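Following: one structure in structure tokens, then a few remarks.
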Amino acid sequence: MVVTRFAPSPTGYLHIGGLRTALFNWLWARKNGGKFILRIEDTDLSRNSEEATRAIIESFDWVGLDYDGEVAYQSKRFDIYKRYIQKLLDEGKAYYCYMSKEELDALREEQQKRGERPRYDRRYRDFKGIPPKGVEPVVRIKAPLHGDIIFEDGIKGTIVIRAEELDDFIIARSDKTPTYNFVVAIDDALMGVTDVIRGDDHLYNTPKQLIVYEALGFKVPKFYHVPMILNEQGKKLSKRDGAMDVMEYKRMGYLPEALLNFLVRLGWSYGDQEIFTIEEMKELFDPKDINKSASAYNLSKLEWLNAHYIKNSSNERLVNLLKDFNIYLESHDKKEILLDALKDRAKTIKEMAELAKEILEEPENYDEKALKKALKGDWREILTLFLEKLKASEPHLPVDFHKIIEDVVKEKEIGFGKIGQPLRVALLGKLSGPGLDEVMAIIGKEESIKRVEKFLREFK
RNA sequence: GGCCCCAUCGUCUAGCGGUUAGGACACCGCCCUUUCACGGCGGUGACGGGGGUUCGAGUCCCCCUGGGGUCGCCA
């Protein structure tokens, strides 16, 4: 059975890079009918926030990622870790180190000055004497002194780290709390995790965790280190790059499946396919196909995908989504026409809401450029004639309104543009938007008359 | 700086020794059209550089260059 996990530290919202690794893990587990575990890495008690955990779960809910079992909190498993620390101590595979932080800092500084790699010098590794008083020791694990640590990364290939690059890293702080590299290995082993898919900033942690696996005799999982996501400039993604928080995408009017589709294609591909339903992702995804190089985030691709998914959304769903942007269409009798017209031109739900507003509400002002184009020739005459015919009929559907426009065009022997432009500005205040017959059908005969009359009054 | 990883159009990518180097986004044209979009058609545009190996290299090897990661009692 395949067991994967997403193991964030609760230090803030879930960002899109995190969501992508979560997605990869989730897909792999779901594809194989396995388990996907959500585990909160909160061993550093001073940096936790429940808020952050809630934010992560909220994001999961929004995009539709589910996890198996309860959320695991490492802070609630300290007794387990303590047993293993004691075990290693008893077996002589770990030891107390009485070096203070100050001493350590001094040592590091000195090494740096000499141009050496800062590393603990293992001075307490085989310490037999009397420990110094007043120092709460940390526990360090005995890392191999020589040789190579080798592992096969499912994405990067064979990784070789020389033992000399590692030191006896701390597995328990002086306040007795266990550290990350230690608990990760234990939890992954105890929870039966078979495939670890994580950011490649963890690549260097892997040999450390391997040391723990080795010391405890645990079975080693398969590792996949996925390259990071870069910003649009090809630099490391940071808070300054705008939308990092997954929930921000909801607020901007993106559909969860668009975000997921976008993220799955960042670093992974399946031939020339661009559009993937969740089902297709599950069917086709394989972590071994993930690229080795980092990929840059690009918003216009996301927008394109979002537009695609909006186009293919049911109007019923759109009505619901629009509520978040203060557009309430349930009881609007022409909502189908409105939604169908807007679907093709909105890149986000937010944009769709804005466009809807522009149609539903009488224009407050008229675009300058649009006016210049509209107030030409005998526009007044044309609109007046149109108004006359509009009042004399009972139009409901777009075709009905179209017929009226057509009549005017025929009678005055003009092109559609001659009436189209002034009428469009009168109705919408600008030159773009859905077809005029549709617009009028949506707002109705009376509102159309009202807007044209107002326009006629305003511009003599 | 040490160690490690990476390198195809602007961007996401296909390519797994023999291709006119393909697709997508973006961009630019044309068509459709009462406008703006949508859609359709077409176009510009890439193997970072240098050495090898080979009959043949985007594909394999080495070096350089350029990016990135990491060197915590953070995760």
Side-chain angles (χ1 to χ4, degrees), chain A residues 7-11 41-44 46-47 74 97 99-101 104-105 108 111-112 115-120 136-140 153 155-157 159-162 164-167 169-181 183-184 199-205 207 225 227-228 230 232 234-236 262 265-275 291-305 307 311 341-347 355 370 373-374 402 405-406 409 414-425 428 430-437:
Chain A
S9 59
T11 49
E41 312 258 309
D42 54 355
T43 56
D44 186 356
S46 62
R47 306 191 354 161
Q74 293 186 320
C97 167
M99 206 170 171
S100 70
K101 274 181 195 169
L104 242 182
D105 286 345
R108 270 199 273 264
Q111 289 168 324
Q112 293 248 358
E116 287 171 18
R117 168 194 175 72
R119 270 169 36 182
Y120 171 63
E136 280 303 322
V138 298
V139 178
R140 289 180 181 274
D153 186 273
I155 294 170
K156 310 245 183 198
I159 304 290
V160 181
I161 311 272
R162 291 188 304 125
E164 285 78 6
E165 291 299 317
L166 272 6
D167 61 6
F169 61 93
I170 293 171
I171 57 174
R173 304 181 183 93
S174 47
D175 66 359
K176 309 279 196 275
T177 58
T179 60
Y180 169 76
N181 280 119
V183 300
V184 166
D200 71 358
D201 49 332
H202 283 289
L203 194 69
Y204 189 74
N205 285 323
H225 287 96
M228 47 194 273
L230 274 20
E232 301 216 62
K235 298 289 178 197
K236 187 180 178 178
F262 172 69
R265 279 287 285 103
L266 233 42
W268 177 83
S269 61
Y270 183 76
D272 285 340
Q273 189 169 341
E274 295 289 348
I275 307 289
N291 280 182
K292 296 166 114 169
S293 54
S295 35
Y297 167 97
N298 90 311
L299 188 67
S300 47
K301 185 104 173 220
L302 208 210
E303 284 179 339
W304 173 74
L305 282 164
K311 252 173 259 166
L342 261 28
K343 263 180 183 178
D344 281 347
R345 55 199 90 218
K347 286 194 171 75
L355 292 172
K373 288 196 170 181
H402 188 79
I405 296 176
E406 213 168 38
V409 165
I414 53 176
F416 273 95
K418 280 274 184 286
I419 178 173
Q421 298 206 331
L423 183 54
R424 177 170 293 282
V425 177
L428 300 171
K430 55 174 201 167
L431 243 26
S432 62
L436 292 175
D437 31 10

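All values derive from a computational prediction rather than experimental measurement. In what follows, every chain begins at residue 1, and chains take the letters A, B, ... in the order their sequences are listed.
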Examine A:His202 together with A:Tyr180 and report whether their ring centres are nearer than 6.0 Å.
yes

Could you state the atom-to-atom distance from [atom1] of [X] to [atom2] of [N] in whole Å?
| X | N | atom1 | atom2 | result |
| --- | --- | --- | --- | --- |
| A:Lys430 | B:A37 | NZ | C1' | 10 Å |
| A:Glu274 | B:G23 | CD | P | 12 Å |
| A:Ile159 | B:C3 | CD1 | P | 16 Å |
| A:Arg265 | B:A24 | CZ | C1' | 7 Å |

Could you work out the separation of B:G72 and B:C64 based on their C1' atoms and round it to a whole Å?
34 Å

Sugar-phosphate or base contact per nucleotide [nucleotides 57-72 of chain B; S, B, -; heavy atom under 4.0 Å]:
-----------SSSSS

Treat primed atoms plus P, OP1 and OP2 as sugar-phosphate and everything else as base, then score nucleotides 44-49 of chain B 5' to 3': B for base contact with protein heavy atoms under 4.0 Å, S for sugar-phosphate contact only, - for none.
------

Classify A:Lys101 by what it touches in the nucleic acid, base, sugar-phosphate, or nothing, heavy-atom distance under 4.0 Å.
base

Give the nucleotide from the list B:C38, B:U13, B:G22 with an atom nearest to the side chain of A:Asp272.
B:G22

Measuring from the side chain of A:Glu165 (C-beta onward, heavy atoms only), which nucleotide among B:G2, B:C5, B:U11 has the closest atom?
B:G2

Check nucleotides 33-35 of chain B for protein N or O atoms closer than 3.5 Å to its own N or O atoms and list the pairs.
{"residue": "B:U34", "atom": "O4", "partner": "A:Asp437", "partner atom": "OD1", "Å": "3.2"}
{"residue": "B:U35", "atom": "O2'", "partner": "A:Leu431", "partner atom": "O", "Å": "2.7"}
{"residue": "B:U35", "atom": "O2", "partner": "A:Arg424", "partner atom": "NH1", "Å": "3.2"}
{"residue": "B:U35", "atom": "O2", "partner": "A:Leu431", "partner atom": "O", "Å": "3.0"}
{"residue": "B:U35", "atom": "O2", "partner": "A:Gly433", "partner atom": "N", "Å": "3.1"}
{"residue": "B:U35", "atom": "O2", "partner": "A:Gly433", "partner atom": "O", "Å": "3.2"}
{"residue": "B:U35", "atom": "N3", "partner": "A:Arg424", "partner atom": "NH2", "Å": "2.9"}
{"residue": "B:U35", "atom": "N3", "partner": "A:Gly433", "partner atom": "O", "Å": "2.6"}
{"residue": "B:U35", "atom": "O4", "partner": "A:Gly435", "partner atom": "N", "Å": "3.3"}

Among all residues two or more places apart in sequence or in another chain, which pass the side-chain hydrogen bond (donor to acceptor under 3.5 Å, both in side chains) test with A:Glu303?
none

Ring pair (Phe, Tyr, Trp, His ring centres under 6.0 Å) partners of A:Tyr270, counting only residues at least two apart:
none

Over all heavy atoms of both residues, which pair between A:Ala370 and A:Leu431 is shortest? Give the atoms and the distance, please.
CA-CD2, 3.8 Å

Distances under 3.5 Å between protein N/O atoms and the N/O atoms of nucleotides 25-29 of chain B, please, pair by pair.
{"residue": "B:C25", "atom": "OP1", "partner": "A:Trp304", "partner atom": "NE1", "Å": "3.4"}
{"residue": "B:C25", "atom": "O2'", "partner": "A:Ser300", "partner atom": "O", "Å": "3.4"}
{"residue": "B:C25", "atom": "O2'", "partner": "A:Lys301", "partner atom": "N", "Å": "3.3"}

Side-chain donor/acceptor of A:Ser295 to base of B:C12, under 3.5 Å
no

Taking atom NZ of A:Lys311 and atom CG of A:Asp344, what is their separation to the nearest 0.5 Å?
6.0 Å

For [X] and [N], is the shortest distance between a side-chain N/O and OP1 or OP2 below 4.0 Å?
| X | N | result |
| --- | --- | --- |
| A:Ser269 | B:A14 | yes |
| A:Thr43 | B:A75 | yes |
| A:Thr179 | B:A75 | no |

